[in-house]
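Only one structure is covered here, and it is reproduced in the block below.
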Amino acid sequence: PEKDNLACNNNVESALKKVELILDDINDLIFGASTPKQWEQVLNNETPKTPIIAKGNITIKDVVYLFEKLCDVGVFRIQYKTDLADIKAFKIRGKFIKSQTQLTTALSGCRKKQPQFKKQLDKIFSKFKAQT
C-alpha cells in the first residue's frame with residue numbers, strides 16, 4: 001500500500017509500540033487474544049491471517065470508541081474508518097466490520113449513549129498517556 005493510505009500515522013513502528021503498551025489491557029477488556037503481529041498487519045492496511053476477534057459481550061460501539069482513542073494518541077488517522085472497512089481485520093459478534101457507514105453509525109451512537117466500557121477504556125488510555 002501507498003504510505004499515505006495507511007490507517008495509522010504512517011509510522012507503523014511507532015504506532016505499533018503505542019499499541020503494545022496497552023495491548024494486554026485491551027485484550028483483557030475487548031479482544032481476548034490479539035497479537036502485535038495482527039496489529040502490525042492492520043497498521044499496514046493488510047488483512048491479518050487470523051482476524052482480531054472481540055469478546056462476546058463487546059459491541060461495535062466499544063470497538064469504535066477504542067479506535068477513536070487510538071486516533072487521539074496517533075495510532076490511527078482520522079480517516080481510519082475507510083481503511084478498516086476495506087480490510088477484514090476485526091470480528092464483532094461473529095461478523096466482520098463491513099463498511100465505513102457501520103463504523104460512522106456506531107460512532108454517532110457513542111455520542112448518544114456511552115459505550116459500556118468507556119470508563120475502562122478511558123482508564124487504559126490515561127495509563128497509556130502516563131507511560132509516554
Side-chain angles (χ1 to χ4, degrees):
E2 290 295 314
K3 281 276 183 221
D4 60 343
N5 290 338
L6 298 177
C8 73
N9 62 4
N10 295 334
N11 185 338
V12 171
E13 192 176 316
S14 168
L16 186 58
K17 282 181 181 154
K18 291 178 180 180
V19 169
E20 287 174 336
L21 280 176
I22 57 168
L23 189 60
D24 288 343
D25 292 325
I26 60 175
N27 278 342
D28 286 346
L29 187 64
I30 295 192
F31 295 120
S34 68
T35 67
K37 183 68 181 163
Q38 287 171 306
W39 280 95
E40 182 180 9
Q41 290 170 318
V42 167
L43 294 170
N44 277 308
N45 274 14
E46 299 166 1
T47 301
K49 289 186 182 10
T50 307
I52 297 173
I53 299 172
K55 293 180 174 184
N57 60 334
I58 298 301
T59 68
I60 190 161
K61 280 177 30 177
D62 295 308
V63 174
V64 168
Y65 188 76
L66 168 67
F67 292 164
E68 288 295 309
K69 297 299 278 183
L70 289 171
C71 279
D72 291 347
V73 298
V75 171
F76 284 170
R77 293 181 315 147
I78 292 168
Q79 303 92 316
Y80 75 87
K81 293 174 203 70
T82 307
D83 299 327
L84 290 184
D86 290 343
I87 60 172
K88 298 225 180 294
F90 295 93
K91 265 192 170 178
I92 304 161
R93 298 190 171 173
K95 296 182 179 161
F96 283 107
I97 293 172
K98 61 184 178 294
S99 70
Q100 180 180 351
T101 306
Q102 185 183 17
L103 293 168
T104 304
T105 302
L107 181 58
S108 64
C110 287
R111 293 191 180 111
K112 292 179 186 127
K113 183 176 184 275
Q114 288 188 350
Q116 63 181 334
F117 292 109
K118 178 186 185 305
K119 285 186 177 119
Q120 293 97 316
L121 284 166
D122 287 345
K123 187 176 178 188
I124 288 169
F125 278 86
S126 67
K127 178 180 125 180
F128 168 85
K129 287 176 182 166
Q131 290 180 5
T132 58

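FYI, side chains are in, hydrogens and waters are out, and symmetry mates aren't considered; it's all heavy atoms of this structure.
- A 4.5 Å side-chain heavy-atom check between Ile30 and Lys55 finds every atom pair outside the cut-off.
- Aromatic ring centroids of Tyr65 and Phe117 lie 6.0 Å or more apart.
- With Lys88 contributing its side chain and Pro51 its backbone, the two residues share no donor-acceptor pair below 3.5 Å.
- Taking the six-membered ring for Trp and thresholds of 30 and 60 degrees, Phe67 and Tyr80 have ring planes more than 60 degrees apart, a perpendicular arrangement.
- Listed for the Glu46 side chain is no donor-acceptor partner under 3.5 Å among the backbone atoms of Val42.
- Between the side chain of Lys61 and the backbone N or O of Lys113, at least one donor-acceptor pair lies under 3.5 Å.
- Counting heavy atoms from C-beta on, the side chains of Ile53 and Phe31 never come closer than 4.5 Å.
- At distances below 3.5 Å, at least one donor-acceptor pair connects side-chain atoms of Ser108 with backbone N or O atoms of Thr105.
- Here the CD-CG distance, from Gln120 to Leu66, works out to 12.5 Å after rounding to the nearest 0.5 Å.
- Interatomic distance, Ile26 CD1 to Leu121 CG, rounded to the nearest 0.5 Å: 8.5 Å.
- Across all their heavy atoms, Asn44 and Val12 have their closest contact at OD1-CG2, 3.3 Å.
- Under the 4.0 Å criterion applied to side-chain N and carboxylate O atoms, Asp83 and Arg77 are assigned as salt-bridge partners.
- Counting only heavy atoms from C-beta outward, the side chains of Thr47 and Gln41 never approach each other to under 4.5 Å.
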- Task: Please step through side-chain contact (heavy atoms from CB on, under 4.5 Å) for the pair Thr59 and Gln116, ending with a clear verdict.
- Result: CA-CA 8 Å; Thr59 68; Gln116 63 181 334; 4.1 Å; yes

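- In this structure, the side chains of Ile22 and Phe125 come closer than 4.5 Å at one or more pairs of heavy atoms.
- Atom CD1 of Ile52 is separated from atom CZ of Phe90 by 4.0 Å, given to the nearest 0.5 angstrom.
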- Message: I'd like to know whether Leu84 forms a side-chain contact (heavy atoms from CB on, under 4.5 Å) with Ile97, so could you lay out the CA-CA distance, the side-chain angles of the two residues, the decisive distance to 0.1 Å, and finally the verdict.
- Response: CA-CA 8 Å; Leu84 290 184; Ile97 293 172; 5.6 Å; no

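- For residues 96-116, no residue pair satisfies the ring pair (Phe, Tyr, Trp, His ring centres under 6.0 Å) rule, not counting sequence neighbours.
- Using a 4.0 Å cut-off between charged nitrogen and carboxylate oxygen, Lys81 and Glu68 count as a salt-bridge pair.
- At a threshold of 4.5 Å between non-hydrogen side-chain atoms, the residues Ser34 and Trp39 count as touching.
- Lys118 has its side chain within reach of Asp122: a pair of non-hydrogen atoms, C-beta onward, lies under 4.5 Å apart.
- Once rounded to the nearest 0.5 Å, the distance linking CD1 of Ile124 with NZ of Lys119 reads 14.5 Å.
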- Message: Apply side-chain contact (heavy atoms from CB on, under 4.5 Å) to residues Asp86 and Asn45 and explain how you reach the verdict.
- Response: CA-CA 8 Å; Asp86 290 343; Asn45 274 14; over 6 Å; no

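- Rounded to the nearest 0.5 angstrom, Asn27 CG and Thr35 OG1 are separated by 8.5 Å.
- For the pair Ile58/Leu29, no side-chain contact is recorded, criterion being any heavy-atom separation below 4.5 Å from C-beta on.
- Looking at heavy atoms from C-beta onward, Pro36 lies out of side-chain contact with Val19 at the 4.5 angstrom threshold.
- In this structure, Gln38 contributes its side chain and Thr50 its backbone to a donor-acceptor pair below 3.5 Å.
- Within the model, atoms CD1 of Ile92 and CG of Asp62 stand 9.0 Å from one another, a figure rounded to the nearest 0.5 Å.
- Salt bridge annotation for Asp25-Lys123: absent, with no cationic side-chain nitrogen under 4.0 angstrom from a carboxylate oxygen.
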